[in-house]
Amino acid sequence: MSGGLPKATEAVSGLRRLWLLLTVEQWRALRRQYPIDPDASDSLQLRVLGLYLLAALVLIVNDYWIVDSFRALLPKDISRGPDREFYRRIWWAWFLFLSYSVPLALYARLVLGMRLAELGLSGRGFLRHAWIYGLGFLVVLPLVVMVSDDPSFLKTYPFYKKAGESLSRLLIWELSYAAQFVGLEFFFRGAMLFCGVRLLGPWVILLMLFPYMMLHFSKPELECLGSIIAGLALGVVSLRTGSIYAGMLIHISVAWTMDALALHHKGVLEKVLSL
């Protein structure tokens with residue numbers, strides 16, 4: 001009995017050290033890596049403020065204009081035809097990719113003088129940090145599998161409800177779906193972090209976190225709660241590595257897995273793959 005107590009104490013102590021390493025120590029490291037610049041000019045502060053106002057405008061456009069633009073800009077035989085749901089979803093994905101990436105990239109380059117590599121689009125150290133991508137996916141995978149047969153999950157995924165009816169359309173949809181995650185990661189873990197980190201230090205992660213979490217309000221409750229943890233973790237990883245590729249790869253891998261599991265539980269994945 002007494003022999004078990006030291007082992008239990010060691011286990012608790014080990015878990016505590018791991019927790020501190022993943023939280024407090026990472027925050028301290030970020031504060032050393034990105035100290036707040038007390039001498040930042042008023043001009044820089046106003047220009048960074050402009051970027052966050054532009055980010056707010058992008059989020060408003062994404063929420064209110066996607067449907068209207070689809071109806072207004074595409075021919076009626078597409079926007080109102082029998083295949084309108086497919087084209088609407090493809091339009092949604094590429095609209096988000098462009099709106100998330102182009103406005104802030106142009107503003108960062110033309111107004112802040114920042115290159116894409118300074119916004120997290122740097123391949124330097126990619127292989128060195130590859131284990132992070134794999135670990136992140138393995139951490140999330142069991143949770144995805146656990147909830148994959150939940151009614152709210154099956155009601156939500158895939159976003160394109162007829163994805164299981166055609167292999168070609170399933171592939172087009174999944175590639176388009178991946179593209180919007182590329183734009184999303186650039187927006188939240190790229191521009192929103194790296195453009196403001198000089199003024200706010202690691203606290204810029206919280207500035208990014210709240211609008212990111214709010215994107216998940218229409219999704220299952222557990223996924224919305226999980227977006228807080230995921231947003232924090234991906235924000236830390238992006239700043240620590242100087243790259244947003246971890247978020248892109250993990251997001252896309254998890255999204256494809258979620259769609260595949262949803263189609264499997266609906267009994268259509270095997271059917272569409274055999275076509």
Side-chain angles (χ1 to χ4, degrees), residues 59 62-63 66 85-86 88-101 120-121 130 132-190 208-209 211-235 237-238 243-266 268-270 272-273:
L59 293 174
N62 288 349
D63 199 51
I66 293 183
E85 176 61 18
F86 172 72
R88 183 176 73 87
R89 281 302 177 185
I90 301 303
W91 178 268
W92 169 85
W94 288 101
F95 187 105
L96 289 181
F97 168 75
L98 292 173
S99 63
Y100 276 140
S101 57
L121 290 174
I132 299 176
Y133 319 145
L135 178 61
F137 179 70
L138 290 177
V139 168
V140 177
L141 180 60
L143 301 176
V144 173
V145 173
M146 184 175 63
V147 303
S148 63
D149 60 349
D150 183 82
S152 62
F153 180 93
L154 296 176
K155 182 180 179 180
T156 304
Y157 297 101
F159 284 164
Y160 173 47
K161 302 305 179 186
K162 297 181 179 180
E165 295 183 0
S166 165
L167 179 58
S168 61
R169 289 197 172 184
L170 174 61
L171 294 175
I172 293 172
W173 159 245
E174 295 300 342
L175 290 174
S176 301
Y177 194 29
Q180 67 89 30
F181 281 120
V182 171
L184 181 144
E185 286 299 323
F186 175 80
F187 184 90
F188 286 101
R189 256 69 70 178
M208 168 276 296
L209 179 64
Y212 175 69
M213 176 269 296
M214 293 171 70
L215 289 182
H216 297 75
F217 279 169
S218 61
K219 297 184 179 183
E221 183 179 359
L222 287 177
E223 185 176 350
C224 188
L225 292 171
S227 71
I228 299 174
I229 299 173
L232 283 171
L234 292 175
V237 170
S238 294
S243 171
I244 62 175
Y245 290 123
M248 287 183 183
L249 293 174
I250 294 172
H251 238 138
I252 292 170
S253 300
V254 171
W256 284 352
T257 302
M258 290 168 67
D259 275 7
L261 287 171
L263 291 173
H264 168 69
H265 286 297
K266 292 176 181 179
V268 296
L269 179 62
E270 294 75 8
V272 71
L273 291 178

### Task
With ring pair (Phe, Tyr, Trp, His ring centres under 6.0 Å) as the test, would you mind laying out the steps for F95 and W92 before giving the verdict?
CA-CA 5 Å; F95 187 105; W92 169 85; over 10 Å; no

### Task
Check the angle between the aromatic planes of H251 and F181 and answer parallel, tilted or perpendicular using the 30° and 60° thresholds.
parallel

### Query
Looking only at atom types and distance, does a side-chain atom of K162 sit under 3.5 Å from a main-chain N or O of F86, one as donor and one as acceptor?
no

#### Entry: Shortest non-hydrogen contact from V237 toward A246
CG1-CB, 3.8 Å

### Query
CD1 of I172 to CZ of R89: how many Å apart, nearest 0.5 Å?
16.0 Å

### Query
When you measure from the side chain of K155 to the backbone N and O of D150, does any donor-acceptor pair fall under 3.5 Å?
no

### Task
Measure the OH-CG distance between Y177 and L96 for me, rounded to the nearest 0.5 Å.
11.0 Å

### Distance (rounded to the nearest 0.5 Å) between S243 OG and M248 CE
8.0 Å

### Task
Using the side chain to side chain contact (heavy atoms under 4.5 Å, CB included) rule, take T257 and V145 through it: C-alpha gap first, then chi angles, then the decisive distance, then the call.
CA-CA 9 Å; T257 302; V145 173; 5.7 Å; no

### Reported CE-to-CG distance for the pair M258 and L263, which is rounded to 0.5 angstrom
12.0 Å

### Message
Tell me if the CG atom of L141 is crowded by more than 12 foreign heavy atoms within 6.0 Å.
### Response
yes

### Message
Show, in sequence, the C-alpha distance, side-chain angles and deciding distance for Y133 and Y245, and conclude whether the side chain to side chain contact (heavy atoms under 4.5 Å, CB included) test is met.
### Response
CA-CA 8 Å; Y133 319 145; Y245 290 123; 4.3 Å; yes

### Task
Take F188 and L234, measure what side chain to side chain contact (heavy atoms under 4.5 Å, CB included) needs, and give me the verdict at the end.
CA-CA 10 Å; F188 286 101; L234 292 175; over 6 Å; no

### Task
Say whether, by atom type as modelled, one donor and one acceptor occur between the side chain of K161 and the main chain of T156 under 3.5 angstrom.
yes

### Query
What pairs meet the salt bridge (charged side-chain N to carboxylate O under 4.0 Å, His left out) rule with one or both residues in residues 133-149, with sequence neighbours excluded?
none

### Task
State the OH-CG distance between Y212 and L59, to the nearest 0.5 angstrom.
13.0 Å

### All pairs passing side-chain hydrogen bond (donor to acceptor under 3.5 Å, both in side chains) where residues 223-233 contributes a residue, at least two apart
Y157-E223

### Heavy-atom pair of closest approach, residues H265 and S148
NE2-OG, 2.9 Å

### Query
Could you state the interatomic distance from OG (S176) to CZ (F159), rounded to the nearest 0.5 Å?
14.0 Å

### Query
Which atom pair, heavy atoms only, marks the closest approach of F97 to G183?
CD1-N, 3.9 Å

### Message
Under the salt bridge (charged side-chain N to carboxylate O under 4.0 Å, His left out) definition, can you give me all pairs with a residue in residues 168-190, not counting sequence neighbours?
### Response
D83-R169, E185-R189

### Query
Does NZ or CZ of R88 lie under 6.0 Å from the centre of the six-membered ring of W91, at an angle within 45° of the ring axis?
no

#### Entry: Beyond-backbone contact of Y100 with N62, side-chain heavy atoms, under 4.5 angstrom
yes

### Task
Go through L143 and V147 one step at a time and tell me if the side chain to side chain contact (heavy atoms under 4.5 Å, CB included) criterion holds.
CA-CA 6 Å; L143 301 176; V147 303; 5.9 Å; no

### Query
Of all heavy-atom pairs between F153 and A262, which one has the smallest distance, and what is that distance?
CE2-CB, 3.9 Å

